[in-house]
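For reference, the structure discussed in these notes is given below.
Only this structure's heavy atoms are used, side chains among them; waters, hydrogens and symmetry mates stay out. Since the structure is predicted, the reported quantities are computational estimates derived from the model, not experimental observations.
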Amino acid sequence: MKYNYKDLGLVNTKEMFAKANKEGYSVPAFNFNNLEQLQGIIEACVEMGSPVILQVSTGARKYIGKEMLPFMAKAATEYVKASGSDIPVALHLDHGPSYDVCRDCIEYGFSSVMIDASHHSFDENVEISKSVADFAHTHDVTVEAELGVLAGVEDDVVAEHSIYTQPDEVQEFVERTGVDSLAIAIGTSHGAHKFKPGDNPKIRLDILKEIEERIPGFPIVLHGSSSVPKQFVDMIVQYGGTMKDAIGIPDEQLLLASKSAVAKINVDTDGRLAFTAGIREVLATKPGEFDPRKYAGKAKDYMKEYYKSKIVDVFGSQDAYKRGIEVK
């Protein structure tokens with residue numbers, strides 16, 4: 001083991017999810033790719049008293065550097081402590097493609113990993129997911145797996161069509177794999193272009209309800225759950241960008257899911273849009289600006305404020321832990 005997640009101030013997701021399911025909210029799982037995005041996420045969650053799962057894809061981990069990433073996570077937990085907050089923080093691998101990648105992340109300080117073998121047959125998915133869970137649990141790391149397939153594009157994850165999770169498979173899958181949470185496909189999708197104009201975006205809450213009845217109390221995860229906020233799409237276009245037909249999942253749909261068995265909701269695209277809108281605004285309105293702190297700082301602030309509202313409007317996780325104080 002290069003790094004133990006507990007030495008980085010992190011926690012796994014077991015107690016996070018138990019508390020969320022008991023109290024009727026979901027834990028925000030926000031993806032980040034750089035320091036400013038991490039700052040925006042952790043500041044928002046401290047100020048709102050919300051637990052948080054810091055997520056990175058394999059592409060983001062490669063971009064940041066696997067040797068640097070553990071210390072970014074530790075910096076985030078040190079910020080939490082300095083704020084006088086007690087919010088729990090997990091570091092999670094999003095869409096781990098293989099046993100070897102999941103194992104490497106565990107050995108580099110991740111407290112939670114996702115193994116995504118959903119594109120394999122059911123039995124192969126079980127076998128691969130179980131192998132990851134068996135190794136992870138020897139290090140007290142929690143594991144998420146996936147049944148069903150989400151359409152859309154997110155880093156290296158590409159699928160043209162959704163395949164809804166079959167409720168009659170979930171109990172067997174959970175029992176045979178020993179995983180700690182399950183990502184399901186009920187109508188969400190990856191990326192900004194989830195639906196076409198004129199569509200009525202809805203998630204299959206009926207499938208969610210049946211799954212909840214099959215595995216009562218088991219933590220469910222929703223991927224591809226960005227709402228694609230219009231204000232940031234409009235800003236990107238206003239300041240020279242292109243965003244064609246960008247439509248996401250309505251917040252009210254996700255809030256209904258948060259109050260059920262859904263313990264974790266993933267959001268990535270919304271943060272990217274807020275961040276990009278901030279950078280484009282500064283560079284368009286101040287063409288002479290070349291200080292990265294000025295345009296990346298504005299981007300961070302947009303992302304932070306949006307996620308604070310998202311914590312209330314979607315997750316319902318505000319004040320789940322006592323509110324921190326401002327760092328001096």
Side-chain angles (χ1 to χ4, degrees), residues 28-48 50 52-57 59-60 63-64 72 76 79 94 152-155 157 188-197 199 201 222-255 265-315 317-318:
F30 294 136
N31 287 63
F32 71 96
N33 302 277
N34 58 28
L35 174 62
E36 287 81 10
Q37 287 184 320
L38 176 61
Q39 288 174 315
I41 292 166
I42 204 70
E43 289 175 16
C45 290
V46 163
E47 291 179 22
M48 299 303 293
S50 171
V52 64
I53 298 168
L54 304 173
Q55 291 196 155
V56 293
S57 63
Y63 176 78
I64 295 168
M72 290 180 70
Y79 177 88
D94 193 18
V153 179
E154 181 182 40
D155 283 2
V157 180
T188 57
S189 60
H190 292 128
H193 307 281
K194 302 179 190 296
F195 300 98
K196 297 177 181 179
D199 286 348
L222 290 186
H223 285 239
S225 298
S226 288
S227 58
V228 190
K230 187 176 184 300
Q231 69 265 37
F232 296 129
V233 172
D234 289 346
M235 285 178 65
I236 289 170
V237 173
Q238 177 185 354
Y239 295 118
T242 302
M243 290 295 299
K244 183 180 178 181
D245 300 339
I247 301 173
I249 303 291
D251 284 349
E252 57 268 21
Q253 289 275 308
L254 296 169
L255 184 59
I265 295 179
N266 291 11
V267 177
D268 184 5
T269 297
D270 285 356
R272 296 184 185 200
L273 293 173
F275 201 82
T276 299
I279 290 176
R280 282 194 171 275
E281 180 186 44
V282 174
L283 296 183
T285 59
K286 300 179 180 179
E289 185 60 73
F290 61 90
D291 185 344
R293 295 171 296 180
K294 299 295 176 62
Y295 53 80
K298 170 65 79 171
K300 181 208 78 169
D301 290 342
Y302 274 136
M303 187 174 175
K304 170 184 171 180
E305 291 306 314
Y306 178 72
Y307 276 165
K308 285 171 67 175
S309 67
K310 194 98 175 173
I311 285 168
V312 176
D313 296 338
V314 169
F315 299 96
S317 59
Q318 70 275 16

Euclidean distance, [Y] [atom2] relative to [X] [atom1], rounded to 0.5 Å:
| X | Y | atom1 | atom2 | result |
| --- | --- | --- | --- | --- |
| Ile41 | Glu36 | CD1 | CD | 11.5 Å |
| Gln253 | Asp251 | CD | CG | 10.5 Å |
| Leu38 | Met303 | CG | CE | 9.0 Å |
| Tyr79 | Ile42 | OH | CD1 | 8.5 Å |
| Arg272 | Ile236 | CZ | CD1 | 12.0 Å |
| Ile265 | Lys310 | CD1 | NZ | 8.5 Å |

- Query: Does the pair Glu43/Lys308 count as a salt bridge with the N-to-O cut at 4.0 Å?
  - Reply: no
*asked:* Can you tell whether the side chains of Lys286 and Glu281 come within less than 4.0 Å, N to carboxylate O?
replied: no
The single option from Lys230, Gln238, Gln231 that satisfies side chain to side chain donor-acceptor pair (under 3.5 Å) with Asp234 is Lys230
If you take all heavy atoms of [X] and [Y], which pair is closest and at what distance?
| X | Y | value |
| --- | --- | --- |
| Leu222 | Leu254 | CD1-CD2, 4.4 Å |
| Leu54 | Ala76 | CD1-CB, 4.1 Å |
| Asp268 | Tyr307 | O-OH, 4.2 Å |
| Gln318 | Ile311 | OE1-O, 3.3 Å |

Check: Tyr306 ring centre within less than 6.0 Å of Phe232 ring centre: yes
- Kindly determine whether Phe32 and Gln55 satisfy side chain to side chain contact (heavy atoms under 4.5 Å, CB included), including the steps that lead there. CA-CA 6 Å; Phe32 71 96; Gln55 291 196 155; over 6 Å; no
Ile64 vs Asn33, side chain to side chain contact (heavy atoms under 4.5 Å, CB included): CA-CA, chis, key distance, verdict
CA-CA 7 Å; Ile64 295 168; Asn33 302 277; 5.5 Å; no
For a side chain to side chain contact (heavy atoms under 4.5 Å, CB included) check, start with the C-alpha distance between Val282 and Tyr239, then their side-chain angles and the critical distance, and finish with the verdict. CA-CA 9 Å; Val282 174; Tyr239 295 118; over 6 Å; no
Exercise. Do the non-hydrogen side-chain atoms of Asp313 and Leu255 ever get within less than 4.5 Å of each other?
Worked result: no
- prompt: Is a donor on one side and an acceptor on the other found under 3.5 Å between the side chain of Asp270 and the backbone of Ser227?
  reply: yes
Worksheet entry | Ring geometry between Phe30 and Phe315 (parallel below 30°, tilted from 30 to 60°, perpendicular above 60°) | perpendicular
If you apply the rule side chain to side chain contact (heavy atoms under 4.5 Å, CB included), what do you find for Leu35 with Lys300, and how did you get there?
CA-CA 9 Å; Leu35 174 62; Lys300 181 208 78 169; over 6 Å; no
For Tyr302, does the six-membered ring have the charged nitrogen or CZ of Lys304 within the cation-pi criterion, i.e. under 6.0 angstrom from the centroid and within 45° of the normal? no
Checking side-chain polar atoms at under 3.5 Å, does Asn31 have a donor or acceptor matched by the opposite partner on Asp94? yes
